[in-house]
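First the proteins, then the strands, lettered A, B, ... as listed; each starts at 1.
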2 protein chains.
Amino acid sequence: MILKSQVEWALHCCAILAGLPEGRYLSTKALAEFHGLPKEYLSKALQSLSQAGLVHTTLGPSGGYRLAKAPAELTFLEIVEAVEGRSRTFVCTNIRANNPCRAPGYCEETPCAVARIMWEADEAWRDKLRSVRLSDLIEILSQEIPSDLLKRSFAWVLERAG
Amino acid sequence: MILKSQVEWALHCCAILAGLPEGRYLSTKALAEFHGLPKEYLSKALQSLSQAGLVHTTLGPSGGYRLAKAPAELTFLEIVEAVEGRSRTFVCTNIRANNPCRAPGYCEETPCAVARIMWEADEAWRDKLRSVRLSDLIEILSQEIPSDLLKRSFAWVLERAG
DNA sequence: ATATTAAGGATAACAAATATCCCTATTTTT
DNA sequence: AAAAATAGGGATATTTGTTATCCTTAATAT
Ligand code: FES
Ligand code: FES
């Protein structure tokens with residue numbers, strides 16, 4: 001069970017978009033080049049962010065993406081779920097219903113206890129991702145990344161932002 | 001991102017094995033029939049449990065599986081990891097290394113902050129599963145499952161336990 | 001001896017993730 | 001008005017992982 005690589009892409013793209021000045025947009029082309037990713041396929045991830053309402057887009061030259069909310073209002077969970085989907089990692093196929101000892105018409109009221117426990121673990125994962133905001137990431141990155149690299153990256157983005 | 005269906009199978013099989021009297025064994029055939037699962041493929045899941053040391057096996061007629069530990073000493077995490085593997089759900093492909101602004105020989109010391117946060121969420125998921133013991137499940141099931149069905153199921157298993 | 005079992009290798013069928021290509025509508029630039 | 005660049009999305013390969021079956025081998029009980 002491995003998350004799509006698009007999750008890593010989307011999170012890093014949002015981190016870049018968070019540094020974009022008000023009202024400017026950054027294109028798929030620039031984001032793909034910056035991260036060394038296949039432009040066409042990255043585009044699908046960005047479309048997912050767009051459909052989830054996390055980013056705004058404009059068309060034409062100087063078009064592209066910008067965040068739809070402030071980084072402090074955008075959680076990891078929203079970004080991850082936008083590209084990975086909102087379904088649970090544990091899927092119950094109700095194998096308990098195959099128990100040969102069950103009465104023919106018998107039907108359970110509640111979900112299986114096994115599934116409920118697995119879903120609680122899923123919820124713990126979601127809770128953790130919900131507790132981290134994009135602004136938290138930005139803060140960590142701005143401390144960890146050497147300031148000259150940070151500056152050059154900002155400049156690189158600004159050159160290409162429409 | 002969806003867990004293997006074998007996870008559901010393994011958890012239910014362990015729940016059945018937990019009800020087995022001391023020193024008795026239950027075969028793949030019986031476990032597959034009880035849960036309505038493909039015998040040969042379920043066998044792979046049970047082999048995973050065996051390789052992880054969670055169950056004991058014996059060969060020959062009246063052979064099969066029994067738990068290697070008391071249900072109170074067996075966690076959900078152990079069972080899930082036995083069949084699903086121990087790798088993280090988030091894989092970092094280090095796309096930050098593709099940043100065109102980086103100095104040629106530059107190499108990061110620490111894992112990317114994005115990955116660290118995603119791994120913390122993984123850890124929260126694991127923590128939850130580690131906190132639930134097989135004995136906890138047994139307790140819930142014995143309360144929820146109608147006692148006559150419970151009795152018939154026990155009898156069904158005992159008839160086939162070697 | 002015979003029957004039954006777990007273990008494991010080989011392989012096929014199927015589904016999902018990854019990736020590319022191409023077309024359309026929109027918008028900016030020229 | 002024309003041209004260029006963009007997001008969006010449909011179609012379609014390619015690759016990988018999951019699901020499933022088959023078969024052989026070694027061990028064990030009857
Ligand atoms: S029947 Fe699906 S988890 Fe129990
Ligand atoms: S480079 Fe992989 S998560 Fe940041």
Find which nucleotide of DNA chain D each of A:Lys29 and B:Glu84 is nearest to by heavy atoms, and output the residue with the more 5' nucleotide.
A:Lys29
Could you go through B:His12 and A:Ile95, starting from their C-alpha distance and side-chain angles, then the distance that decides it, and tell me whether this counts as side-chain contact (heavy atoms from CB on, under 4.5 Å)?
CA-CA 9 Å; B:His12 273 275; A:Ile95 60 175; 3.7 Å; yes
Taking the minimum atom-to-atom distance to the side chain of B:Pro38, which one of C:dA7, D:dA20, D:dA7 wins?
D:dA20
Of the candidate nucleotides C:dT26, C:dA19, D:dT28, which contains the atom at the shortest distance from the side chain of B:Pro61?
D:dT28
For B:Ser5, which contact category applies under a 4.0 Å heavy-atom criterion: base, sugar-phosphate, or nothing?
sugar-phosphate
What about A:Lys44, does its side chain sit under 3.5 Å from the base of D:dG8 through a donor-acceptor pair?
no
Within this structure, what is the CE-to-C1' distance between B:Met1 and D:dT18, rounded to whole angstrom?
15 Å
Rounded to whole Å, the CG-P distance (A:Leu46 to D:dT6) equals 13 Å
Out of C:dA7, C:dT27, C:dT5, minimum distance to the side chain of B:Gln47 belongs to C:dA7
Indicate yes or no: does B:Glu123 engage A:Lys128 in a salt bridge with an N to O separation below 4.0 Å.
no
Minimum heavy-atom distance A:Leu137-A:Ala15, with the two atoms named
CD2-CB, 4.1 Å
State which of C:dA6, D:dG8, C:dG8 makes the closest approach to the side chain of A:Tyr65.
D:dG8
Is it true that A:Arg102 and A:Glu108 have a side-chain N and a carboxylate O under 4.0 angstrom from each other?
yes
